[in-house]
Amino acid sequence: MADTKVYRASTTAPVNIAVVKYWGKRDPKLNLPTNSSLSVTLSQADLRTLTTASCSSSYTDGDSLTLNGEASDVSGARTQACFRELRSRRAALEAVDTSLPKLSAMPVKLVSENNFPTAAGLASSAAGFAALVKAIALLYELPDSPSELSLVARQGSGSACRSLFGGYVAWRMGDKDDGSDSKAELIAPAEHWPEMRALILVASAAKKGVSSTSGMQQTVATSGLFQQRISKVVPANMAAMEEAVKGRDFAKFAEVTMRESNSFHATCADTYPPIFYMNDISKAAIRAVEAINAKAGKTIAAYTFDAGPNCVVYYLEENASTILGTFYPVLAEVTGWKEGTAGIKSAVEIDGSLVSTLKEGISRVIMTGVGEGPIKTEEYLIDENGQAVKR
Ligand code: DP6
């Protein structure tokens, strides 16, 4: 009898925010980077993608993906590369053990949801591709380690390879042409340094002006400064950052994080024509972090920016009252502020004009911290009959 069973598996996957930035591809097709990078995985209590992958020979429409309730295109080269890689790994298992159901030949149906609003203005491709790859790997019962799966997720979106792990994660650029050594590896799990917090100041929820993919290509092609960054600056920052994380040295972690963000945005400004991701609100957030550190007499907060104006401030739980207190005039008025958050008394006074710029420009905040990698779950977005679950 033909096998018409619906097979399914579900996972969640986290967002990560880099403290040593990936910017530049040496091979755009395989998503091979020009430099290594390092990130902090953020807690899935606040930011995560939940994905159910299923397959069945009864699916008649080919492969499909529903994202936040809307049909999403799966014909793009990156999604196709992930499907192809995972299918070939499953097919290899089926070839060895012929009693296994032939899942590799069945259409795949994916349903995926973020627990954060699109209005959070966060690039969700990292969590999205990490969840897609992990969910299909679970469905196919692949024995691959997170590092091996990161090779696949990387082909969906570079930064996604780092979301296969929790905690503090490096993406080693590798040097092989086939990309087989360009993968993520764990530097330290979340428990190693669980006090790490992240305050995300959402300055814009709009889709970015210049996408990361195209922005980094322009930088590679036109920036002279970029050569210095990939050959000298990043290798030194990677080494310093690994040491800072391993030694739980926040001052060092913070300095490298800020220098890295500045260096990355400097290469954007050195791109011809220049790319500007930060705006006046971003710059006000930098000034506020500088005021906090000046007042503390040591570095207790670090800013970082990706390909957009939103600011991520890293700090340790022990300094929460100072950091949140300083931003309190802004936080108290926006969505996402967690009422009852301890100690907002010892605020550092920041310049009134900074406060008004931040108040006007920031619409939402996300208060979160370091967290775990993908988690297999029994929560399904596709029912036993293969239908998307109504939510
Ligand atoms: C600035 O991973 O979004 O966030 O590989 O083209 O999908 P693609 O790019 P993407 O780039 C992220 C760039 C960054 C820095 C980082 O996350 O390391």
Side-chain angles (χ1 to χ4, degrees), residues 13-42 47 49 76-82 120-133 150-165 168-174 179 182-185 187 198 200 204 207-221 223 226 229-230 233-234 237-238 241 256-269 271 275-278 282 303-312 314:
V15 165
N16 71 75
I17 299 290
V19 287
V20 176
K21 304 291 187 190
Y22 150 51
W23 196 252
K25 299 174 201 272
R26 65 178 196 278
D27 180 334
K29 199 160 161 272
L30 289 172
N31 254 352
L32 300 179
T34 48
N35 62 262
S36 296
S37 55
L38 201 149
S39 59
V40 179
T41 293
L42 299 184
L47 302 164
T49 300
R78 292 158 165 231
T79 310
Q80 286 298 316
C82 293
L122 289 164
S124 51
S125 69
F129 272 108
L132 178 147
V133 168
S150 79
L151 289 166
V152 184
R154 186 201 75 224
Q155 296 177 56
S157 180
S159 54
C161 77
R162 298 184 310 238
S163 277
L164 263 312
F165 289 97
Y168 304 83
V169 187
W171 171 12
R172 306 289 181 203
M173 63 177 288
S182 185
K183 55 187 172 187
E185 110 190 4
I187 297 296
I200 307 176
S204 164
K207 240 184 143 41
K208 13 185 171 180
V210 181
S211 75
S212 312
T213 307
S214 119
M216 62 178 89
Q217 291 295 83
Q218 294 167 38
T219 303
V220 172
S223 166
F226 175 75
R229 172 169 164 76
I230 61 171
V233 177
V234 175
N237 284 344
M238 276 300 284
M241 184 55 85
V256 178
T257 296
M258 293 187 280
R259 284 182 178 275
E260 257 299 311
S261 178
N262 298 346
S263 158
F264 151 49
H265 289 279
T267 65
C268 291
T271 300
I275 304 170
F276 302 115
Y277 288 120
M278 292 194 287
S282 318
Y303 56 78
T304 186
F305 299 83
D306 283 340
N310 298 339
C311 182
V312 177
Y314 283 116

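First listed ligand is number 1; within each ligand, the first listed atom is number 1.
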### Task
Answer whether the closest heavy-atom distance between the side chains of Leu32 and Arg154 falls below 4.5 Å.
yes
### Message
Using a 4.0 Å heavy-atom cut-off, which part of Ser159 comes near ligand 1: side chain, backbone, both, or neither?
### Response
both
### Message
Tell me if the CZ atom of Arg259 is crowded by more than 12 foreign heavy atoms within 6.0 Å.
### Response
no
### Query
Are Lys21 and Thr304 close enough, and set up right, to give a side-chain hydrogen bond (donor to acceptor under 3.5 Å, both in side chains), and what steps lead you there?
CA-CA 10 Å; Lys21 304 291 187 190; Thr304 186; 2.8 Å; yes
### Query
Does Gly158 reach ligand 1 with a nitrogen or oxygen that is under 3.5 Å from one of the ligand's nitrogen or oxygen atoms?
yes
### Message
Using a 4.0 Å heavy-atom cut-off, which part of Arg162 comes near ligand 1: side chain, backbone, both, or neither?
### Response
side chain
### Message
Taking 4.0 angstrom as the limit and counting only heavy atoms of Lys25, give me the atoms of ligand 1 inside it, by number and element.
### Response
5 (O), 6 (O), 8 (P)
### Task
Select one of side chain, backbone, both or neither to describe which atoms of Ala18 lie under 4.0 Å from any atom of ligand 1, heavy atoms only.
side chain
#### Entry: Residue selection (non-hydrogen contact nearest atom 3 (O) of ligand 1) among Ser211, Ser212, Pro33
Ser212
### Task
Could you please spell out the steps behind the side-chain hydrogen bond (donor to acceptor under 3.5 Å, both in side chains) verdict for Thr213 and Gln217?
CA-CA 7 Å; Thr213 307; Gln217 291 295 83; over 6 Å; no
### Query
Under 3.5 Å between some N or O of ligand 1 and some N or O of Ser37?
no
### Query
Atoms of ligand 1 less than 4.0 Å from Arg78 heavy atoms?
6 (O), 7 (O), 8 (P)
### Summary
Note: ligand 1 atoms sitting under 4.0 Å from heavy atoms of Met216 are 9 (O), 11 (O)
### Task
Would you mind telling me if ligand 1 is within reach of the side chain of Asn31, the backbone, both or neither, using heavy atoms under 4.0 Å?
side chain
### Message
Distance under 4.0 Å to a non-hydrogen atom of Phe264: what atoms of ligand 1 satisfy this?
### Response
1 (C)
### Query
Of all the heavy atoms in Trp171, does at least one lie under 4.0 Å from an atom in ligand 1?
no
#### Entry: Of the listed options Ser157, Cys268, Gly308, Ala307, closest to atom 7 (O) of ligand 1 (non-hydrogen atoms)
Ser157
### Summary
Sorted by chain and residue number, the ring pair (Phe, Tyr, Trp, His ring centres under 6.0 Å) partners of Trp23 (sequence neighbours excluded) come out as Phe264, Tyr277
### Summary
Shortest non-hydrogen pair, Phe305 vs His265, comes out as O-NE2, 2.9 Å
### Query
Which option, Tyr22, Tyr277, Phe305, owns the non-hydrogen atom nearest atom 14 (C) of ligand 1?
Tyr22
### Atom indices of ligand 1 within 4.0 angstrom of Thr213 heavy atoms, with elements
6 (O), 7 (O), 8 (P)
### Query
What residues form a ring pair (Phe, Tyr, Trp, His ring centres under 6.0 Å) with Tyr22, not counting sequence neighbours?
Trp171
